[in-house]
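Okay, structure first, notes after.
Just so it is clear, the values below take in all heavy atoms, side chains as well, and ignore hydrogens, waters and symmetry mates. Numbering of ligands and ligand atoms starts at 1, following listing order. Position 1 is the first residue of the sequence; numbering continues from there.
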Amino acid sequence: MQKASLKLVKDMQISQVDKRIYGSFIEHMGRAVYGGIYQPDHASSDANGFRNDVKELVKELGVTLVRYPGGNFLSGYNWEDGVGPKDKRPRRTDLAWRAIETNEVGIHEFFDWAEEVGAEVNMAVNMGTRGIDEARQLVEYCNFPSGTEWSDRRIANGRQEPFAIKTWCIGNEMDGPWQIGHKTAEEYGRAASETAKAMKLVDDSIELVACGSSNSQMPTFGDWELTVLDHTYDYVDYLSLHQYYGNPANNLEEYLACSLDMDEFIKGVTAMCDAIKAKKHSKKQMNLSFDEWNIWYHSNEFDKTIKPWLIAPPQLEDHYNFEDTLVFGTLLITLLKHADRIKIACLAQLVNVIAPIFTEENDNDSPAWRQTIFYPFMQAAKYGRGTVLTPLIQTDSYSAGHYDAIPYLESIAVLNEAETEVTVFAVNRSREEMAFSIDSLGLKVTGVTAFTQIAGHAIKAVNTLASNDVKPVDSTRYAVSEEGVTLQLEPLSWNVIRLAVN
Ligand code: AHR
């Protein structure tokens, strides 16, 4: 039996949670758009061809912001192809994913969909084949009220009021040699700062995200951040981080530790932001947008077999299992631990493509369903609102692979806005049951409002259209006393504990 404890101290706070930390991502690739959110021949589709069953699941998931339209796709995209009468829109080769893009869905359709699901749009501008001119025109098209060429084109295309898009990404993964229009840090840094200036001259209320590294293993990681920040520090508001994890070696203990890597990555990028701040004698704090994160590896082999130049082929369709859900929970907790710097985060992606929501292929009747990773995200988006408390944890640890001192307990607590409830998110990495005690200072725990666990499944168990077994279930294995609460955490479990406090 493992033992672990968490102390809640009301005045030891990390930060308010920015609700945009529960963002996601829709890229024009695979079956994310076509056959995902949009499928005119599906039984549940609305008059515009968007699936109502998918919309309902996106709302249930609690996504607050959706990054769009890419991803690698962005770097070859002409946004003008996706506006105006649908029968006049061109079919194009999508060079990033070597597929055919029909442009049936563009900014207008996507924005209306995002409004319906209650999420804001985080728009991205193409820095691969394009640059300043396109970016300033796109901001004018989306955000300028009227009376100019691009704002009047928006109105002519059916949208009187500006889209008023607040958050914009300046390109995507421009450090990656695979990226169309890949740049050195110097080239991107200069281009991004000039593009940012022009975009903010059109609309000074927008916030901008500059590209950080595509992942922390990139050979240019570090140099890229420092150089890009040196050029863009005064003009942008966030630096991006991207990272995907997997278990190709099939080593559960090691896989469960990958949130330690994410933690190091965030600390490193934060340190680089602060180094440039000091160098520039700046008063401004550069915040972070972790705008691609997830688990991605199950589909790698299948993706090599997909033929080029198809419309919406089934790319990057990972089927998530129980162990992925545990890892996913530790990643969510890690993002919350850094709520003082991470103000935006996007689970990549949302539907079918490495996604929590799945639809059946070539099927115009079956409903969309929830993958295993759906549930931790949904619970965090719903209950992880308010103020993150500093995690004061005692737990034993283990070593696996290249990780030392992997804590058996990963946990974080969030005090809600009304200060009436604390939600504790906890992963028990151990294969043993864990006696978990929570005590508090400055907050009196008066009861347990709910205690759910995802536990007890075969490591590789998945959800499907027909079975939805990997999901939270209630537990009554807890006791409340004057000292606090003690709970029994199942071996290998994701736990959400809502405590009533005053
Ligand atoms: O999310 C899938 C891809 O991963 C994105 O297009 C790209 O930005 C990243 O490499």
Exercise. So is F73 close enough to ligand 1, meaning a heavy atom under 4.0 angstrom away?
Worked result: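 It does not, in that no heavy atom of F73 comes within the 4.0 Å cut-off of ligand 1.
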Exercise. How far apart are the C-alpha atoms of H298 and D324, what are their side-chain angles, what is the distance that settles it, and do they pass the side chain to side chain contact (heavy atoms under 4.5 Å, CB included) test?
Worked result: CA-CA 10 Å; H298 295 286; D324 296 329; 2.7 Å; yes
For this session: Could you pull out, from Q315, Q349, E292, Q179, the option with a heavy atom nearest to atom 9 (C) of ligand 1?
Result: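 Checking each option, the heavy atom nearest atom 9 (C) of ligand 1 is found in E292.
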Number the atoms of ligand 1 from 1 as they appear, then name those within less than 4.0 Å of a heavy atom of [X], with their elements.
X	value
G71	5 (C), 6 (O), 8 (O)
F25	1 (O)
E173	7 (C), 8 (O), 9 (C), 10 (O)

Exercise. Using a heavy-atom cut-off of under 4.0 Å, does the side chain or the backbone of W97 touch ligand 1, or both, or neither?
Worked result: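 The answer is the side chain.
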For this session: For ligand 1, indicate whether the residue V353 contacts it via side chain, backbone, both or neither (heavy-atom separation under 4.0 Å).
Result: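 Neither; nothing of V353 gets under 4.0 Å from ligand 1.
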Exercise. Does the side chain of N72 pick up a donor-acceptor pair with the side chain of Q179 at under 3.5 Å?
Worked result: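 N72 vs Q179: donor-acceptor pair found between side chains.
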Problem set entry | Reference residue R190; test salt bridge (charged side-chain N to carboxylate O under 4.0 Å, His left out); the match among E194, E187, E186 |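 Passing option: E194.
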Problem set entry | Salt-bridge criterion met for E80 and R153 (N-O under 4.0 Å) |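 Salt bridge flag = no for R153 with E80.
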For this session: Identify the residue among W79, F163, F144 that makes a ring-ring contact (aromatic ring centres under 6.0 Å, His included) with W150.
Result: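 When ring-ring contact (aromatic ring centres under 6.0 Å, His included) is applied between W150 and each of W79, F163, F144, only W79 qualifies.
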Problem set entry | Distance from atom 1 (O) of ligand 1 to nearest protein heavy atom, with residue and atom |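 Scanning the protein heavy atoms, the shortest distance from atom 1 (O) of ligand 1 goes to Y244 OH, 2.8 Å.
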Exercise. Which protein non-hydrogen atom lies closest to atom 5 (C) of ligand 1, naming both residue and atom, and how far is it?
Worked result: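 Looking at atom 5 (C) of ligand 1, the protein heavy atom closest to it is E27 OE1, 3.4 Å.
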Exercise. N/O to N/O below 3.5 Å, does that happen between H242 and ligand 1?
Worked result: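 No; every N/O pair is 3.5 Å or more apart.
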Problem set entry | Aromatic F358 / basic R31 pairing, under 6.0 angstrom, 45° off normal |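 So R31 does make the cation-pi contact.
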For this session: May I ask you to check if K197 and Y235 form a cation-pi contact, with NZ or CZ under 6.0 angstrom from the six-membered ring centre and within 45° of the axis?
Result: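 Here K197 passes the 6.0 Å and 45° test against Y235.
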